[in-house]
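Numbers restart at 1 for each chain; the letters A, B, ... are given by sequence-line order, proteins then strands.
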Amino acid sequence: MRKPALALLVVIVLAIYPLVVTNHFFLHLSIMALLYALLGMSWNLLGGYTGQISFGHAAFFGTGAYTSTILLLRYGISPWLGMLVGAVLAVLLSLPLGWLTFRLRGPYFALATLAFAEVVRVIVYNWDSLTGGGDGLNILTDLGGIVRFYYIILALTVVGALLMHRCVRSRWGYFLNAIREDEDAAEALGVPATRMKLTVLAISAFFVALAGSFFASYQLYINPDLVYEPQISIQMIVVTIVGGIGTFEGPVVGALVIVPLSEYFRGLSPVANPLIYGLFIVIFMMFLPEGIVSRIRSLLRRRAPAVAEEHKQAGASV
Amino acid sequence: MKLIPWIQAVVNGLLVGSLYSVIAIGLTIIFGVMRVINMAHGELIMLGMYAAYWVFTLFKLGQVAALLVSLPLFLALGAGIYGGMVNRVERRAGEMGTLLVTAGLSYLVANAAQLVWKADYRSLPAALTTRSWFVGGVSFNYSLMWAFLAALMLTAATYVFLIYTDAGRAIRATAQDREAAALMGVQIHRTNMMAFALGTALAGAAGVLLTPVFYVYPYVGRVFLIKAFVVVVLGGMGSVLGASLGGLLFGVVESVASLFISSGYRDAVGLVIFLLVLLFKPSGLFGRSRF
Amino acid sequence: MRIRLLRAACMAALLCVLFLNAWAAPPEAKGEPILIGTIQPMSGPYAAFGVKFYQAYNMAADEINAAGGIKGRPIQIVFEDSQDKMDLAQTATRKLVENPKIVALMGGRLSGAGLAIAQVAEREHIPYLVDHPSADVITKSGFHWTCRLNPASSFNSVPLQRFLKDYAKDIKTVAVLYENSVYGKGVTEPFKTWLGQNGYQIVVSELYPPLSLDYRDLLNKVKAQNPDLLFLAGNIPDSALIIRQSHELGLTPKMISGAGAGFSINEFIEQAGDAANTVFSTGPWSGNPKDPKVQAFAEKFYKRFGHYPKEHEAEGYAAVYVMADALRRAKSLSRSDIHDALVATDMQTTFGPVKFETFDGYTNQNNGLKNGQVVLSQWQNRRLYNVWPPDVSEAKPIYPGIYK
């Protein structure tokens, strides 16, 4: 994001939003949109910037969700702390995942991450004594009202965005781009590709797990299918693609477009929600694979070449 | 140590495995020729299952009729999906693009099916599906036997097509070396379409054969997709021989493993095999080592 | 002057009449239906169960309304679809709760859904009458707002236990297959404990994921152990598939018994066909077969819907009557007054006696064991007959079962 003033304005608007809008349904939509913006940005770090398309991020989401819930139900530990523990566990989980799968490229990598996430789901499903198995876990304690949750996810998303923005705007960002474009060439030039990929995966996993814990505390009920389903991974991907893979604002825009639509339809029919995701993937991949933000940028560039030149010289083009 | 349960497990594994083979062959042809991983393959199977179900329920006709009806339908469907969608995405967004668009298609089709046909689980009447023969204490399910034979015939027919017809040879040539094939005058675009159509038709046929044996419901495709991937990777991406043998092998491994491990982990067997093969021998048993 | 006086007097009279009317008329509009919410699987793999409750509830409601309703107001059941999924059940419940016209909840079907609804009911202070979800935990969690008229799942296997002790004494080895759900575990864990305490050998114990496509390998494992008794706890379509495939594999123990749910409904015999003959089921009854009121209900149900009511229909039908009784006794139609009336229920229904008691760690649970509301039944000639204990039996048990 080039204009911190604009970003600040957006954050301020978001902050006063619940004071103006009190309809619970709209607040719920906003919460889900922010949640997916966070998820999309986290996924995008690995997928868009580093070029590693993962289908297995649900593993981290679920780990966050289950960790904070189990800690709360069994040991009475506050979800705040549980969230952090969950995020750390997700990072630890990401290490073997990365080590196993990063030697693969392209679709092989994608499928391997999918298989990995499924293995985690099966384990959680069968580990009845710890996770409640197929029945899932119910949270009975009152964790606060909808407005409180809104501010929590807003804070998480803003903090996450700031941290990820710093990563991407630093030297790191160049390295990640290099890895994405041609990993072997990058390695030849001295970029420690595997180490970087593992680090990015860890950061990505951290935030996705935080989001998972949030989700569990908000929904008050989780089961293996809800939080470990491949659909969670797919949703992160869709949000990013629609917005613009590899752009920073992309996932945010994508979330704002898709999530309200799909949550609205979810109320009408349980089928409509995934149907919309499927529809969006197909339409966008066919007609707008670079995403909304990239398209707008390129349109603007065509309109104002002088301004674009200025921007191009000012910083890395993303 | 009683032998019969082992024999039974192997028999069950081979019978069900033959169906895995048919599914995997379709998937591997598509991948071999176009490097497209068709994430919607499972939904094609599901559509084949519903086709057989409706042909039976509405017209009281059996599987042969269903096969005859579905083969041309699915060929057309495959050609349509390729021409209308996959081709375009592949040019604009490459390998990952097709992976993603077929994933999207899979969600679209599965949920559209639920919208239209409801989430109810359907099955053919029990009288038709539970007959079995007993040979020395080992049971052979009638419908599965039929499916096994049909699967073998389909596999053989596919081989014949690939080896003895011009179109089949074009497909094999493109799979081996795309540029060389193009230089030799093979119409790549048309070959791609044929391969996709063939793969789709095989998926649909597998679905028809599966209907008496498994429940039909909108999300059933997902279960078979994972198994198909395991078989394809096990046999080697792009290898038809690998897919046929891999299917049988995988079926047997699943069945025999069930004798030891808890049923909850049965699905994990395939996933673990999948991961192990990807990690240590990505080329599979017969295929080429290509990332 | 007189005209003005006259006008004023008319005005005053009119105002008086209006005022008195507003005062005297009941707070709710006359004839406006009283809404009771229910969450059932109306679609999805368990839709067959939802249909049963739909039929039973509506039949009971029609009868009650025809007889005058509740103080002149008809009752109306509002259905929400849960697909028997716990998360959907939760959102469906919240949706119902947010409608102020809905005064109480009933139903749930799957034990997991029942638990989810009970938790929402507890948080939102709305009375919830459980008529089918059986997991013990639902009434062992100290919920104030939940009452259950059907037996808890740990009661389910008691008639089977008695049968094993008193009749099928030659059974020594048992294989147990149960679905990985609140229901499956709730029914089976107590039974396994009892088996262990009474010297039976459990040769196979498998918790299977429900809605698996193929049980052949699992049944092959069971066959390898050659058990005397095969105990199953699952829903349709699994129950029918398991029986079909066990028949296909040639699994022939001395006795196969389900535990209600997918084993005691008509769909079971329809989907499993002749393979299901002589299969037993232990669980809630469908009313005392010797009671003429129950017989009348069964015949009336058969005439209207084409099949005889079983456990689910009997429970649903009775639930509406229990609800109506509570509504009549309630001081007002506020949720808390209805709740007070509900907990004080003590009546006879077609399902047997209903009285919510606190015992053995249960709260607001109808004591089905004491009342004899659990029985062992068996499929004979495509119909389900009570076969044990003898005082409520309709037919003699065929033991050993014929499973070839």
Side-chain angles (χ1 to χ4, degrees), chain B residues 1-13 15-16 114 117-134 137-144 210 213-220 223-224 227 251 254-267 269, chain C residues 41-48 50-51 81 83-85 88 177-180 204-226 235-238 240-252 267-276 404:
Chain B
M1 171 83 110
K2 280 179 283 190
L3 206 53
I4 291 195
W6 291 89
I7 301 181
Q8 182 75 68
V10 172
V11 166
N12 284 346
L15 293 180
V16 176
Q114 169 148 325
W117 291 316
K118 294 277 145 41
D120 305 332
Y121 278 46
R122 303 166 196 267
S123 63
L124 296 183
L128 292 177
T129 61
T130 30
R131 283 178 293 170
S132 56
W133 294 311
F134 282 91
V138 177
S139 133
F140 291 79
N141 176 287
Y142 188 74
S143 296
L144 263 182
L210 286 166
V213 186
F214 296 111
Y215 285 113
V216 185
Y217 60 98
Y219 298 105
V220 72
V223 178
F224 291 114
K227 298 201 200 268
E254 259 196 342
S255 283
V256 171
S258 295
L259 287 174
F260 313 104
I261 60 172
S262 153
S263 55
Y265 285 103
R266 189 166 179 263
D267 292 328
V269 170
Chain C
M42 305 306 287
S43 68
Y46 302 126
V51 169
D81 186 8
Q83 289 193 27
D84 259 352
K85 290 194 179 146
L88 291 180
L177 299 179
Y178 54 120
E179 70 166 37
N180 191 340
V204 174
S205 170
E206 285 277 346
L207 192 61
Y208 66 84
L211 301 175
S212 303
L213 286 184
D214 185 12
Y215 293 100
R216 282 190 195 92
D217 297 326
L218 185 56
L219 291 165
N220 190 23
K221 199 176 185 177
V222 169
K223 191 178 168 193
Q225 298 295 327
N226 203 13
N235 284 288
I236 279 278
D238 299 327
L241 187 58
I242 290 178
I243 292 295
R244 272 162 49 177
Q245 292 186 331
S246 92
H247 180 80
E248 176 196 308
L249 280 174
L251 184 60
T252 52
E267 282 77 0
F268 174 65
I269 201 79
E270 277 167 34
Q271 289 179 24
D274 289 327
K404 266 216 162 31

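Chosen from His247(C), Gln245(C), Glu206(C), the residue pairing most often with chain B at heavy-atom distances under 4.5 Å is Glu206(C). Of the listed residues (Ala224(C), Gly250(C), Pro237(C)), the one with the most heavy-atom contacts under 4.5 Å to chain B is Pro237(C).
Proximity of a side-chain donor or acceptor of Tyr208(C) to a complementary backbone N or O of Gly264(B) within less than 3.5 Å is not detected. A donor-acceptor pair under 3.5 Å links the side-chain atoms of Lys221(C) to the main chain of Ile261(B), judged by distance alone. Remark: the backbone N or O of Ser258(B) is not paired with any side-chain donor or acceptor of Asp217(C) at under 3.5 angstrom.
To the nearest 0.5 Å, atom CD of residue Gln271(C) and atom OG of residue Ser123(B) are 5.0 Å apart.
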* To do: Would you please test Phe224(B) and Leu213(C) for side chain to side chain contact (heavy atoms under 4.5 Å, CB included) and show each step?
  => CA-CA 10 Å; Phe224(B) 291 114; Leu213(C) 286 184; 3.8 Å; yes
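There is no contact between Leu177(C) and chain B, counting heavy-atom distances below 4.5 Å. Neither the backbone nor the side chain of Leu210(B) comes within less than 4.5 Å of any heavy atom in chain C. Interface remark: Phe140(B) contributes no atoms to any contact with chain C (heavy atom separation under 4.5 Å). Arg122(B) does not touch chain C: none of its heavy atoms, backbone or side chain, sits under 4.5 Å away. Of the two parts of Val220(B), only the side chain, counted from C-beta on, holds a non-hydrogen atom closer than 4.5 Å to a non-hydrogen atom of chain C. In this structure, chain B has a heavy atom under 4.5 Å from the backbone of Gln225(C), while its side chain stays farther away.
Leu211(C) is listed as a side-chain neighbour of Tyr121(B), based on a closest heavy-atom distance under 4.5 Å. Side-chain atoms of Ser263(B) and Pro209(C), non-hydrogen and from C-beta on, do get closer than 4.5 Å to each other. Inter-residue side-chain proximity for Asn141(B) and Arg216(C) is flagged as met; some heavy-atom pair is nearer than 4.5 Å. Residues Asn12(B) and Leu249(C) form a side-chain contact, since some pair of their non-hydrogen atoms from C-beta on lies under 4.5 Å apart.
Side-chain contact check for Ser139(B) and Glu248(C): no donor-acceptor pair (N or O, by modelled atom type) lies under 3.5 Å.
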